[in-house]
Amino acid sequence: MFENQQVASDSEADRVIMFDTTLRDGEQMPGVALSAEQKVEIARNLAAVGVDVIEAGFPAASPAEFAAVQAVSRSVEGATICALARCVESDVAAALAATQGAKRRRIHVFIGVSPIHRQAKLRMTPEQVMQRAVAAVTQARAHCDDVQFSAEDATRAETPFLQQICAAAIDAGATTINIPDTVGYTEPWEYQAMMETLIATVPHGSHVRFSTHCHNDMGLATANTLAGVRGGARQVEVAINGFGERAGNAALEEVGVAISARAERFGVTHGVQMAGIYTLSQRAYAAFGAPIPPNKAVVGGNAFAHESGIHQHGVMCDARTYEAFTPQSVGREAHQMALGKHSGRHAFHARMAALGINFPSADEWRWAFDHFKQMAERQGEVNDAGLIALARSLAPS
Ligand code: KIV
Ligand code: ZN
């Protein structure tokens, strides 16, 4: 038995560990290089909302990256601090050294397991890949009781090889087995089945968790992550705002809200306080210097904006008609009614009333509404200044 080996209780078995890789895979977003101070600040924010594991970086990548992981390890409390390493002795040594100061730490080792990775990138036989994986897990485990093994490009690997290498990593002491969809290649039904098969066939104790790590190349990262949870994974790897290589990783805010809002369907929970997610997202966009896509789920400017008359009327009757979860549940103030060419009289009247504008007769209201529609046809959205100008043009001179 390894030191600190735990047996998952029923409630632990229903709890999904939130592993955030914003500072590692997220930072691999082209054009982004965070300073150690920025990493520490984001890590503190992640810990404050209740993320369980923070992957702080890849210490072997550069002296600055080593120093940043070290700074996060020394100064961020409340979460496990994780460092990434290839299955290379010097990488594992760097990850161990950089995380030395953490109260709780994890070493994360990975190696490509698919034929394309083995042959084109690693130029290794399956046996050599297996030996490297076992050696790296063994090295890490000699100094740290929390070791994660990732079978990179698992979704394009042969199932028997994947089963063997996961079993060997567990034998060598890995406590988390991560099944990355490295190129965002899988689809939900396939990923769920894969997770079920691995959990059923790879011998493991109840202290071992299986994990998702899904990329968004085909826009399926969140769906695949949720499918992995349905398949039995009890750790999800996510990044705030879906940051990451190419099209990014599964977004923390999307996976978090999907599990929370549909907890009874999933039968699992997680420990992230979703009410803190919007502020965290905004700070991360600022640190990464990335624009916020208006239609980004949960945190985009339009995520709670209603433009069409039918939707606006529904939301004014009961917001649940067109909102799957409340803006407040993810830390946002309120929904907005965007006044455009699809908008109806209900929202127009309500906004005019909020601006203190009233028309004495039904004819004038009709006139004002017709003119508003014409303005909206021309300019898209009509803002408050436009509405006030419209009202003034009706007033007797
Ligand atoms: O996408 C991937 O396979 C990775 C691994 C290093 C976990 O990021
Ligand atoms: Zn990745």
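Whatever order the structure lists ligands and atoms in, that order sets their numbers, starting from 1.
- In this structure, R24 is part of the shell of residues with a heavy atom less than 4.0 angstrom from ligand 1.
- In this structure, R209 is not positioned above the aromatic face of F19 in the sense of NZ or CZ being under 6.0 Å from the six-membered ring centre and within 45° of the axis.
- Salt-bridge check for R104 with D146: failed, with every basic side-chain N at 4.0 Å or more from each acidic carboxylate O.
- At distances below 3.5 Å, at least one donor-acceptor pair connects side-chain atoms of R132 with backbone N or O atoms of C87.
- The name of the N, O or S atom in H215 nearest to the Zn ion (ligand 2) is NE2.
- The contact set between ligand 1 and E152, taken as ligand atoms under 4.0 Å from a residue heavy atom, comprises 3 (O).
- The Zn ion (ligand 2) lies at 2.8 Å or more from every N, O or S atom belonging to E245.
- Between S150 and ligand 1, no pair of N/O atoms sits closer than 3.5 Å.
- For the pair N178 and ligand 1, the shortest N or O to N or O distance does not fall below 3.5 Å.
- Here E237 has no heavy atoms under 4.0 Å from ligand 1, in either its backbone or its side chain.
- Look at R24 and E237 and you find no salt bridge, because none of the NZ, NE, NH1 or NH2 atoms lies under 4.0 Å from a carboxylate O.
- Under a 4.0 Å N-O distance rule, the pair K373/D370 does not qualify as a salt bridge.
- Summary of contacts: the protein heavy atom closest to atom 4 (C) of ligand 1 is H213 NE2, 3.4 Å.
- Looking at D25, its N, O or S atom nearest to the Zn ion (ligand 2) turns out to be OD2.
- Under a 4.0 Å N-O distance rule, the pair E127/R118 does not qualify as a salt bridge.
- Any N or O atom pair closer than 3.5 Å counts here, and D25 shares at least one such pair with ligand 1.
- Residue T182 has at least one nitrogen or oxygen atom sitting less than 3.5 Å from a nitrogen or oxygen atom of ligand 1, judged on distance alone.
- H335 approaches V315 most closely through the heavy-atom pair CE1-CG1, 3.4 Å.
- The contact set between ligand 1 and H215, taken as ligand atoms under 4.0 Å from a residue heavy atom, comprises 1 (O).
- Note that the CE atom of M352 and the CD1 atom of I388 stand 9.0 Å from one another [nearest 0.5 Å].
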